[in-house]
Amino acid sequence: MRGEGGARRIVVIGGGIAGLATAALLARDGHSVDLVEARDAFGGRAGTWEQDGFRFDTGPSWYLMPDVFERFFGLLGTSAAAELDLRQLDPAYRVFFEPDSGPSGGTASPPAPPSAAHTERDPIDISAQTATNVERFEAVEPGAGRALERYLASARDTYDVALRRFLYTSFTSISPFLHADVVRRAHRLVPLLLGSLERFVARRFREPRLRQILGYPAVFLGSSPDRTPSLYHLMSAMDLTGGVLYPQGGFGHLMDVLVRLARENGVRLHAHTAVTEILTETDRGHRGRGRGRRARTTGVRVRDQTPGGGSERVLPADVVVSTADLHHSETTLLPRELQTYPESWWDRRTSGPGGVLVMLGVRGSLPELAHHSLFFTRDWPANFAAIAGSTVPDPASAYVCRPSATDASVAPAGHENLFILVPVPADPGLGHGGTDGGGDPAIESIAEAAIEQVSQWAGVPDLTERIVVRRTVGPADFAEDLGAWRGGILGPAHTLAQSAFFRAGNASKRVAGLYYAGAGTLPGIGLPMCLISAELVQQRLREALR
């Protein structure tokens, strides 16, 4: 049943950033929109957890690509400045390197304070100022400063053309490739797509630490430098040129803003409401057309998840947009004959990594750590190879977020908030996390090693004794709580075969009126990409209703 003036009844599945953004945009277009979320709170991977005065973001923690956020807020008639208190991070992040005597070989000496001059294993601060980063690269490797300037010029140009021609398209035609912007750069873009980021960086920088800094963005893409197309060196146009921001109140606050904007635009939000089936009927009007479409959506069947609930009902809809994990949406919510991406398709795909999350409330201050800190092992190829081979690296590279460096609201006075992420294989068999060391043994062992690593590499010898709150999360938690494919923390990796026009599309090829948004589809992984995916669904629906 259609509404007046071309309006449609729409159900959006999933209350993460992609779901909230999609629902808000479609409601603003005049559609009647219901959003259903299985859990008791909205936010999806960008959730929060609170205990004893500490508030932890349990997912994304980097605010990159601010122009994408600004564009999204503009579509809803507001702005990032009106909705968020954004703080520039300087340093953008600090990088620690495996000392000569690591966690298994005794206690390392405390690192020297980051500066323009470095010994081999000293930490390196990445500044908000490009000129400062150029100086620091030059101090590490003579000639690297000028090489970084050229590298960033290429990254910025590639980022700009990607933003103009590729990120905001569903690749339903070849027109993005025929634009003068792209044709003029074809001789450079094609090699960037076919070559690896690892080789691209290695041809320009000799020093292993600088190579690691420039290769690390591959992890944001759920991949490794040797498997990520060098096209993604564009990521350095963000973090090395002053692009790392932080919204006061954390990313949970960002989700609260999206919830409010969705409601203000007319979205009806339903928590504790799990979708058990996407309902369809034979679509005689599309028989023989639409790339083999066999049916059209009629709504979703949902189950009440409140304590003592369990009843089921049907939400009728002309259009369904699933922003839940794409693997779950396709293989669980649709019958086999209506799946565009069946299990056999996923069997040939590469998952991004899993992760062990460690949330720590710590007594006292931790000036040794920046807001964002990266801990890189010396044998990086072995680290990535272990994850790809379903083995937990030892030692493992890790990421540490200390939001209390910028935001006093996330920890009690006199305490720090630490979030540690250890990339591990995407394998729910590693187990669940828990509080106060009560998770499965493998997860708690990985957490202990990570805490010890931070303690030794950053020079905080009493870190363990100062912990007053502790919680871990493992791949099994991601699989059960979020329906994450293989328990991964991000989604399908951005390898060549899973990037741009090779990535899973955002409309079903079997079911008319069924669309997808989120990290599993176009354009890919990360909060900005999820916002773009929401706009792509809005564009596709507008085109379909013309």
Side-chain angles (χ1 to χ4, degrees), residues 3 7-50 57-60 69 72-73 75-78 83-84 247 249-279 297 299-325 328-329 333 481-483 513-519 527 530-531 533-535 537-538 541:
R8 298 293 189 271
R9 297 174 306 174
I10 298 175
V11 170
V12 176
I13 304 172
I17 186 170
L20 292 167
T22 303
L25 291 176
L26 296 181
R28 193 168 183 84
D29 274 356
H31 301 293
S32 175
V33 181
D34 288 273
L35 181 148
V36 294
E37 165 59 45
R39 302 200 298 172
D40 60 353
F42 301 99
R45 280 179 167 83
T48 58
W49 179 70
E50 298 186 32
D57 285 324
T58 60
F69 285 89
F72 169 76
F73 284 123
L75 293 173
L76 295 180
T78 184
E83 303 297 342
L84 303 171
F251 287 76
H253 174 65
L254 171 62
M255 295 303 110
D256 291 341
V257 168
L258 292 180
V259 166
R260 175 177 56 78
L261 291 174
R263 285 198 170 112
E264 289 177 354
N265 281 278
V267 178
R268 293 176 294 275
L269 300 172
H270 310 270
H272 292 290
T273 306
V275 174
T276 60
E277 181 183 3
I278 296 173
L279 302 174
T297 55
V300 298
R301 189 181 307 280
V302 298
R303 178 184 297 125
D304 180 6
Q305 297 290 94
T306 57
S311 62
E312 293 195 348
R313 62 190 174 107
V314 170
L315 286 176
D318 309 301
V319 172
V320 173
V321 183
S322 182
T323 69
D325 183 271
H328 173 79
S329 300
L333 303 183
D481 295 345
L482 295 166
L514 175 58
Y515 299 90
Y516 299 117
L527 294 182
C530 287
L531 291 180
S533 76
E535 187 177 344
V537 169
Q538 180 191 42
L541 191 55

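- Judged as a side chain to side chain contact (heavy atoms under 4.5 Å, CB included), and not counting sequence neighbours, the contacts of Leu482 are Arg39, Arg45, Phe478.
- Evaluation of the side chain to side chain donor-acceptor pair (under 3.5 Å) rule for Ser32 yields Arg268 as partners, not counting sequence neighbours.
- Under the side chain to side chain contact (heavy atoms under 4.5 Å, CB included) criterion, His253 pairs with Leu84, Val257, not counting sequence neighbours.
- The side chain to side chain contact (heavy atoms under 4.5 Å, CB included) check on Arg301 picks up Thr276, Glu277, Leu279, Glu312, Val314, with sequence neighbours excluded.
- Evaluation of the salt bridge (Lys or Arg N to Asp or Glu O under 4.0 Å) test over residues 250-261, restricted to residues two or more places apart or in two chains, returns Glu83-Arg260, Arg260-Glu264.
- The side chain to side chain contact (heavy atoms under 4.5 Å, CB included) check on Ala21 picks up Phe72, Leu531, Ala534, with sequence neighbours excluded.
- Here Leu20 contributes atom CG and Leu25 contributes atom CG; the two are 11.0 Å apart, rounded to the nearest 0.5 Å.
- Here the rule is side-chain contact (heavy atoms from CB on, under 4.5 Å) with Val320, and of Leu333, Thr297, Leu315, Ile10 only Thr297 fits it.
- Every residue two or more places apart in sequence or in another chain that forms a side chain to side chain donor-acceptor pair (under 3.5 Å) with Arg28 is listed here: Asn265.
- For His272, there are no side chain to side chain donor-acceptor pair (under 3.5 Å) partners at least two apart in sequence or on another chain.
- A search for side chain to side chain donor-acceptor pair (under 3.5 Å) contacts involving Asp481 returns nothing, not counting sequence neighbours.
- Remark: Phe73 engages no residue in a ring pair (Phe, Tyr, Trp, His ring centres under 6.0 Å) (not counting sequence neighbours).
- Considering all non-hydrogen atoms of both residues, Ala517 and Val537 come closest at CB-CG2, 4.0 Å.
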